[in-house]
Amino acid sequence: MALIVFLRGINVGGHRNFRPSTLAKQLRDYDVVNVGAAGTLVVRKPGSRAKFLAELRRRLPFEAHIACCDAKDLLRLESANPFSSEPSRPELVRFVSILSKPARGKVPCPIAIPEEGECFVRIIGSQDRLVFGVYRRHMKTIGYLGRIDQLFGAPATTRGWTTILSILRILKAGGAKSANRSTAD
C-alpha cells in the first residue's frame, strides 16, 4: 500500500529551503513521486514504514515535522466527497490538514475560526487524521490555520485540495513510472 508523506513548513518564505524533487530521486528505491514544492511525496513501495521514515529523516537537510497517511485514507476521503456542500468560490481554498498523530479527542464540526467576527478558516469535518475545510485567501489565514494544531492536539500539515487531487491521480495511475512528476497548488 502506498504511503503519502507531508513535510511541514518547508520552502515557505525562504525558510528551510530544499528541493523535494532531489529528495525523491535519492529515495528512488522506494518508488517516490514528488508532488509540488511543499514537501509532498507519494511513496509507492514504502516497505516497512519505520525503515522508510528513518531513511527519509536521514536524507532531510534539517529536522521537520512529518505527517503521513496511507493511500486508502485519501481514497476514502475522496469517495466521501467532503466538499459537496461547499460552493466553489475564487476567494476560498479547499484544504486538507494531515495530523502527525491521532487527535486527542472528537472535535465537533463545523468550526469557524475565529469564532467571532470575520471567518478566515472553516473546518467542515475530520476523518481519522485528516481534517478538511475551506479558508479565505488572506494574509491572516496562515495564523488561523495554526489553530488546527490546538483544536486537534497534534501538529497539522495543510495542503490544498488540488494537491490532494494530484496525489489521487498518481495513486490511480498505479504502475506508471513517473519518478519525479511535479504539480503545484
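This chain uses plain numbering: 1 for the first residue, then up along the sequence. These numbers were taken from a predicted model, which means no experiment stands behind them. Every heavy atom of this structure was used, including side-chain atoms; hydrogens, water molecules and symmetry mates were not.
Here Trp161 contributes atom CH2 and Leu92 contributes atom CG; the two are 16.0 Å apart, rounded to the nearest 0.5 Å. Remark: Arg94 CZ to Arg89 CZ distance equals 10.5 Å, nearest 0.5 Å. Here the CG atom belonging to Leu168 is positioned 5.5 Å from the CG atom belonging to Leu74, to the nearest 0.5 angstrom.
Partners of Glu116 according to the side chain to side chain donor-acceptor pair (under 3.5 Å) rule, which considers only residues two or more places apart in sequence or in another chain, do not exist here. Take Pro114 and apply the side-chain contact (heavy atoms from CB on, under 4.5 Å) test, not counting sequence neighbours, and it matches Phe120, Tyr144. Every residue meeting the side-chain contact (heavy atoms from CB on, under 4.5 Å) condition with Ser48, not counting sequence neighbours, appears here in chain and number order: Ala50, Lys51. Partners of Lys140 according to the salt bridge (charged side-chain N to carboxylate O under 4.0 Å, His left out) rule, which considers only residues two or more places apart in sequence or in another chain, do not exist here. With sequence neighbours left out, Ala103 forms a side-chain contact (heavy atoms from CB on, under 4.5 Å) with Leu99, Phe152. Arg8 is linked by a salt bridge (charged side-chain N to carboxylate O under 4.0 Å, His left out) to Asp149, counting only residues two or more places apart in sequence or in another chain. For Thr40, the side chain to side chain donor-acceptor pair (under 3.5 Å) criterion is met by Arg159, not counting sequence neighbours. For Phe95, the ring-ring contact (aromatic ring centres under 6.0 Å, His included) partners are Tyr135, not counting sequence neighbours.
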Problem set entry | Residue pair Arg44, Met1: steps toward the side chain to side chain contact (heavy atoms under 4.5 Å, CB included) verdict | CA-CA 7 Å; Arg44 296 191 284 200; Met1 160 116 7; over 6 Å; no
For this session: Check step by step if side chain to side chain contact (heavy atoms under 4.5 Å, CB included) holds for Val93 and Arg137.
Result: CA-CA 7 Å; Val93 176; Arg137 294 180 193 274; 3.4 Å; yes
Using a 3.5 Å cut-off and no angle test, enumerate the donor-acceptor pairs between side-chain atoms of residues 124-131 and protein atoms at least two apart in sequence or in another chain.
residue : atom : partner : partner atom : Å
Gln127  : OE1  : Leu77   : N            : 3.4
Asp128  : OD2  : Arg76   : NH2          : 3.2
Arg129  : NH1  : Ser100  : O            : 3.2

Show every donor-acceptor pair shorter than 3.5 Å between a side-chain atom in residues 56-69 and any protein atom, with sequence neighbours excluded, or say none if there are none.
residue : atom : partner : partner atom : Å
Arg58   : NE   : Glu55   : OE1          : 3.4
Arg58   : NH2  : Glu55   : OE1          : 3.4
Arg58   : NH2  : Glu55   : OE2          : 2.9
Arg59   : NE   : Glu55   : OE2          : 2.6
Arg59   : NH2  : Glu55   : OE2          : 3.1

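The nearest pair of heavy atoms linking Pro20 to Gly39 is CG-N, 4.0 Å. Of all heavy-atom pairs between Ile4 and Val42, the closest is CD1-CG1, 4.0 Å. In terms of heavy-atom proximity, Arg136 sits nearest to Cys119 at CD-O, 3.2 Å. When every heavy atom of Val134 is checked against every heavy atom of Glu86, the shortest pair comes out as CG2-OE1, 4.1 Å. Closest approach of Leu27 to Val32, counting heavy atoms only: O-CG2, 3.5 Å. The two atoms that bring Pro46 and Ala2 nearest to each other are CD-CA, 4.5 Å, heavy atoms only.
Residues Leu165 and Val35 fall within the same hydrophobic cluster, defined by Ile, Leu, Val, Met, Phe, Trp and Tyr side chains chained together at heavy-atom separations under 4.5 Å.
Of the possible donor and acceptor atoms, one in the side chain of Ser166 sits under 3.5 Å from a partner among the backbone N and O of Thr162.
Contacts classified as ring-ring contact (aromatic ring centres under 6.0 Å, His included) and involving residues 25-61 (residues at least two apart or in different chains) are given here: Tyr30-Phe52. For the salt bridge (charged side-chain N to carboxylate O under 4.0 Å, His left out) condition, no pair includes a residue of residues 99-115, sequence neighbours left out.
With Phe6 as the fixed residue, the side-chain contact (heavy atoms from CB on, under 4.5 Å) test singles out one of Leu41, Val96, Ile167: Ile167.
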